[in-house]
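Here's the structure we're looking at; comments come further down.
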Amino acid sequence: MKIAAVIVDVPSRQTDRPFDYKIPEKWEDVLQIGMRVVVPFGTRRLQGFVVDIKTYSDVKSLKAIEAILDVAPVLNEELLRLGQYLTETTLCFAISAYQAMLPAAMKAKYEKEIRLVDEKYRDRLHPNVQPFFSNRSAVSWKELENTNVLSRLQKDVQNGYLEVIYHLKDKAAKKTIKYVAFSVPEEQRKKAIESLPANAVKQKQLLELLLFNEHLPLKEVLERSGASHASVKTLIQKGIICEYEVEAYRDPYGQHHFAATQPLMLTEEQQQALEPIVNSIKENEHQVFLLYGVTGSGKTEVYMQAIEAVLKQGKEAIVLVPEISLTPQMVERFKGRFGSQVAVLHSGLSIGEKYDEWRKIHRKEVKLVVGARSAIFAPFENLGMIIIDEEHESSYKQEETPRYHARDVAIYRARFHQCPVVLGSATPSLESFARAKKGVYQLLTLTKRMSENGLPAVSIIDMREELRSGNRSMFSRTLFEKLRERLDKGEQSVLFLNRRGYSTFVMCRDCGHVIRCAHCDISLTYHRVQQRLKCHYCGHEEPLAYSCPSCGSEHIRFFGTGTQKVEEELTKLLPQARVIRMDVDTTSRKGAHERILSEFGAGKADILLGTQMIAKGLDFPKVTLVGVLSADTMLHLPDFRACEKTFQLLTQVSGRAGRHELPGEVVIQTYTPEHYSIELAARHDYEAFYQKEMALRRFHGYPPFYYLTLITVSHPELIKAVSVTEKIAGYLRAQLSKEAIILGPVASPIARLHDRYRYQCMIKYKREANFTKILKNVVDRYQQEMSQGELLITIDTNPYMMM
DNA sequence: AGCACGCCGACT
DNA sequence: GTCGGCGTGCTC
């Protein structure tokens with residue numbers, strides 16, 4: 001007898017292990033490791049992943065597998081092992097790891113229904129239950145769960161009148177296209193057309209069309225023949241033609257035509273960067289390269305020529321880009337060069353579209369994937385290279401379980417496939433640059449910009465000076481002048497507002513009271529259009545207050561600046577300017593992002609005003625001015641990476657100006673012009689920033705000198721949150737080595753969220769023998785309280801968000 | 001997670 | 001004596 005070990009779809013500590021099932025004889029040769037199956041689990045039916053097939057089990061009475069969901073394994077040996085690696089390093093459940101590797105469409109949906117076992121029991125049902133079954137034999141649980149007949153229902157189930165049926169739905173609906181074709185043999189077709197009634201003109205036209213084609217999509221036939229669906233129906237009824245469905249891919253870029261491009265001549269620098277990568281591809285040698293190239297130095301061309309080398313070897317490649325820069329521009333470059341060999345995966349696609357792209361990879365119909373974070377799990381079996389563009393971006397870290405970093409996964413997979421990883425950035429993360437300096441990664445450098453102009457000139461404007469000299473506007477005189485210049489010359493400008501931590505909060509000028517969310521320790525944000533105050537974390541809203549809830553004063557004011565407010569002031573100051581605003585509000589609709597950018601690219605506006613999202617990847621020849629309205633808003637976030645992020649952002653933003661013939665200029669407005677992040681970004685001096693920041697990291701004991709782990713404990717009661725965090729910290733102090741530093745318990749920077757108090761404990765360590773084991777003990781200790789009570793403990797073994 | 005089982009107080 | 005509440009422990 002063959003037995004399958006199955007990981008079931010229950011994300012909990014207790015079920016986080018394989019369960020054994022009998023493999024029915026008829027499937028012994030069909031079932032393979034890595035396939036999804038349906039198994040009985042307790043009273044339920046669940047989806048699961050086969051992780052092992054064996055001949056022996058310790059369990060006496062095994063249940064049998066009920067169904068197989070795949071014709072071929074969806075997880076290969078490598079991905080199964082990668083799942084284990086994720087489980088161990090991020091402390092997640094195996095099921096969560098496996099689900100993260102597959103498109104959402106393949107995750108099961110469960111529906112319960114109550115069915116009448118037999119018509120003869122209908123009269124015996126409890127009188128209160130009967131009405132639900134009056135005209136049908138099954139009722140969905142959804143309809144019943146909020147009624148008051150639940151206990152009666154239970155009785156009837158016990159009596160055997162009713163039964164509970166568990167439906168398992170695959171969301172992975174495949175798209176099909178209807179085709180029509182002749183159903184009569186070829187030699188009879190002409191005759192069939194002739195024998196049609198004389199008035200069946202449309203039918204005749206339709207058939208004539210089919211004479212020259214083996215089969216045609218129904219839609220096309222209808223369009224070209226002008227016939228209606230009725231004609232098709234009659235022809236089918238007459239037995240002349242037939243209709244059938246063919247599985248089809250949704251093609252998100254179906255309408256789009258991509259101009260083919262050829263490899264460009266490389267500069268000497270690019271050539272020198274490319275060579276070691278290509279060597280490592282050819283030699284099947286695992287190596288991590290850090291491609292450090294200033295903005296506009298042509299990293300993408302290096303990527304593409306390296307990919308060509310991979311394809312030449314008959315292998316596959318993954319290119320990761322940050323979600324935010326997965327713009328049509330980027331997609332176009334890859335589709336243009338590699339055509340139909342590319343699959344694209346990003347959050348803008350529907351669940352079905354993502355599933356189709358995934359299947360193209362799985363069926364080996366494509367050789368290259370360009371995608372955001374989760375594309376790192378692309379089920380290639382012959383990986384030749386992994387590229388991570390904008391390597392420093394924090395979006396490569398997933399902030400939900402499994403809390404993996406795509407960079408780590410990339411290195412794991414590349415080691416398995418013995419192939420190179422290329423990390424590219426103009427502002428590498430300190431972690432990566434430090435590793436490159438140590439020789440763990442191989443450093444490749446591009447110092448020259450492709451355009452003649454070199455890097456743009458940056459001026460820093462001290463906004464305190466502006467205020468002192470009486471300018472209360474959010475535009476410094478310099479920035480205003482330069483904006484007007486561009487307008488006169490017909491050139492474009494980009495204005496960048498970093499909204500994080502800079503949203504419009506409401507404060508009383510008399511007593512200083514700030515209106516906060518009733519459920520979270522967060523100040524409420526003023527939304528001008530709706531005249532309401534909203535919490536950005538939990539969604540709580542309330543009407544705008546006109547007097548201070550604390551002291552009653554009417555001197556209550558809005559502080560901070562949103563893009564809307566900037567836009568208003570801008571149109572007041574420069575009424576002739578055409579402004580496009582790009583933020584969450586204007587880009588929430590699908591495709592809006594793309595539309596705004598193409599309008600701006602086509603010169604339909606003079607100024608593009610936006611948040612974070614405009615910092616990445618834009619490349620417009622006519623942009624000669626970039627303004628940063630307030631550079632230091634991000635600097636003061638409670639995050640040890642705040643300075644690094646500020647530096648990276650300013651450098652990225654500055655890189656948007658003057659990428660082509662026209663020279664660029666950058667204006668940075670700040671209240672702390674002396675800060676090294678701002679000064680050094682203005683001087684484009686990454687190296688100096690690296691040295692300075694490394695010294696600080698060393699001094700304060702942060703990465704890359706220490707590893708970090710953040711434990712966050714939340715509970716509706718403050719005392720409980722504190723005491724649990726205290727106990728955990730105590731346990732860790734006792735268990736970990738003397739070198740480990742345990743900070744806390746301290747209140748989380750967001751001390752209350754969704755009516756829950758949040759406390760945290762930060763661990764800094766260099767090497768700990770049993771680190772994950774000790775952390776697992778912590779989780780195990782509080783397992784019951786977490787599953788039954790209100791306690792929640794999250795552990796992040798490589799935190800990027802300290803809140 | 002979700003379900004059954006079992007023990008307890010409150011009601012017919 | 002039964003109904004329905006919630007705490008406990010299991011699911012191959």
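Naming convention: chains lettered A, B, ... in sequence-line order (proteins, then strands); numbering from 1 in each chain.
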Query raised in the report: Ring centres of Phe41(A) and Phe19(A) under 6.0 Å apart?
Result: yes
Query - Inter- and intrachain pairs under salt bridge (Lys or Arg N to Asp or Glu O under 4.0 Å), touching residues 786-803 of chain A, at least two apart - result: Lys397(A)-Asp796(A), Arg403(A)-Asp796(A), Arg756(A)-Glu790(A)
Query raised in the report: Does Phe49(A) have Arg36(A) sitting over its ring (NZ/CZ under 6.0 Å from centre, angle to axis within 45°)?
Result: no
Query raised in the report: salt bridge (charged side-chain N to carboxylate O under 4.0 Å, His left out) with Glu111(A): which residues, sequence neighbours excluded?
Result: Lys169(A)
Query raised in the report: Can you give one letter per nucleotide of nucleotides 1-6 of chain C, going 5' to 3': B for a protein heavy atom under 4.0 Å from the base, S for sugar-phosphate only, - for none?
Result: --SS--
Report task. For Lys764(A), enumerate each residue passing the salt bridge (charged side-chain N to carboxylate O under 4.0 Å, His left out) test, keeping only those at least two apart in sequence or located in another chain. Result -> none
Query - cation_pi(Arg641(A), Tyr800(A)) dist<6.0 Å, angle<=45 - result: yes
Query - salt bridge (Lys or Arg N to Asp or Glu O under 4.0 Å) partners of residues 771-783 of chain A, not counting sequence neighbours, each pair once - result: Arg13(A)-Asp780(A)
**Report entry** salt bridge (Lys or Arg N to Asp or Glu O under 4.0 Å): pairs with one or both residues in residues 48-62 of chain A, sequence neighbours excluded
**Finding:** Asp20(A)-Lys54(A)
Report summary line: Residue set satisfying ring pair (Phe, Tyr, Trp, His ring centres under 6.0 Å) with Tyr404(A), at least two apart, ordered chain then number -> Phe377(A)
Restricting both atoms to N or O, compile the protein contacts to nucleotides 10-12 of chain C shorter than 3.5 Å, with distance only.
| unit_1 | atom_1 | unit_2 | atom_2 | d |
| --- | --- | --- | --- | --- |
| dT11(C) | O3' | Gly42(A) | N | 3.0 |
| dC12(C) | OP1 | Tyr21(A) | OH | 3.4 |
| dC12(C) | OP1 | Pro40(A) | O | 3.1 |
| dC12(C) | OP2 | Lys63(A) | NZ | 2.4 |
| dC12(C) | O3' | Asp20(A) | O | 2.7 |
| dC12(C) | O3' | Lys63(A) | N | 2.7 |
| dC12(C) | O2 | Asp20(A) | N | 2.6 |
| dC12(C) | N4 | Arg17(A) | NH1 | 3.3 |
| dC12(C) | N4 | Arg17(A) | NH2 | 3.0 |

Query raised in the report: For the ring pair His126(A) and Tyr161(A), is the centre-to-centre distance below 6.0 Å?
Result: no
Report task. Check each residue of residues 780-794 of chain A for a non-hydrogen atom within less than 4.0 Å of any atom in DNA chain B, then write out the ones that pass by number, or none. Result -> none
Pairwise N/O distances under 3.5 Å, protein to nucleotides 4-12 of chain B:
none

Requested in this report: Can you tell me the distance, in whole Å, between the CG atom of Leu46(A) and the C1' atom of dC3(B)?
Outcome: 11 Å
Query raised in the report: Does Glu400(A) have any salt bridge (charged side-chain N to carboxylate O under 4.0 Å, His left out) partners at least two apart in sequence or in another chain, and if so, which?
Result: none
Query raised in the report: Can you check the Leu153(A) CG to dC3(B) P distance for me, whole Å?
Result: 12 Å
Query - Whole-Å gap separating P (dA1(B)) and CD1 (Ile95(A)) - result: 13 Å
Report task. Answer yes or no: is there a donor N or O on one side and an acceptor on the other, between the side chain of Thr90(A) and the main chain of Thr87(A), under 3.5 Å? Result -> no
Requested in this report: Only counting residues at least two apart or in another chain, list the ones meeting salt bridge (charged side-chain N to carboxylate O under 4.0 Å, His left out) with Glu28(A).
Outcome: none
Query raised in the report: What is the distance from CZ of Arg13(A) to P of dG9(C), rounded to the nearest Å?
Result: 18 Å
**Report entry** Under 4.0 angstrom between Lys112(A) side-chain N/O and dG2(B) OP1 or OP2
**Finding:** no
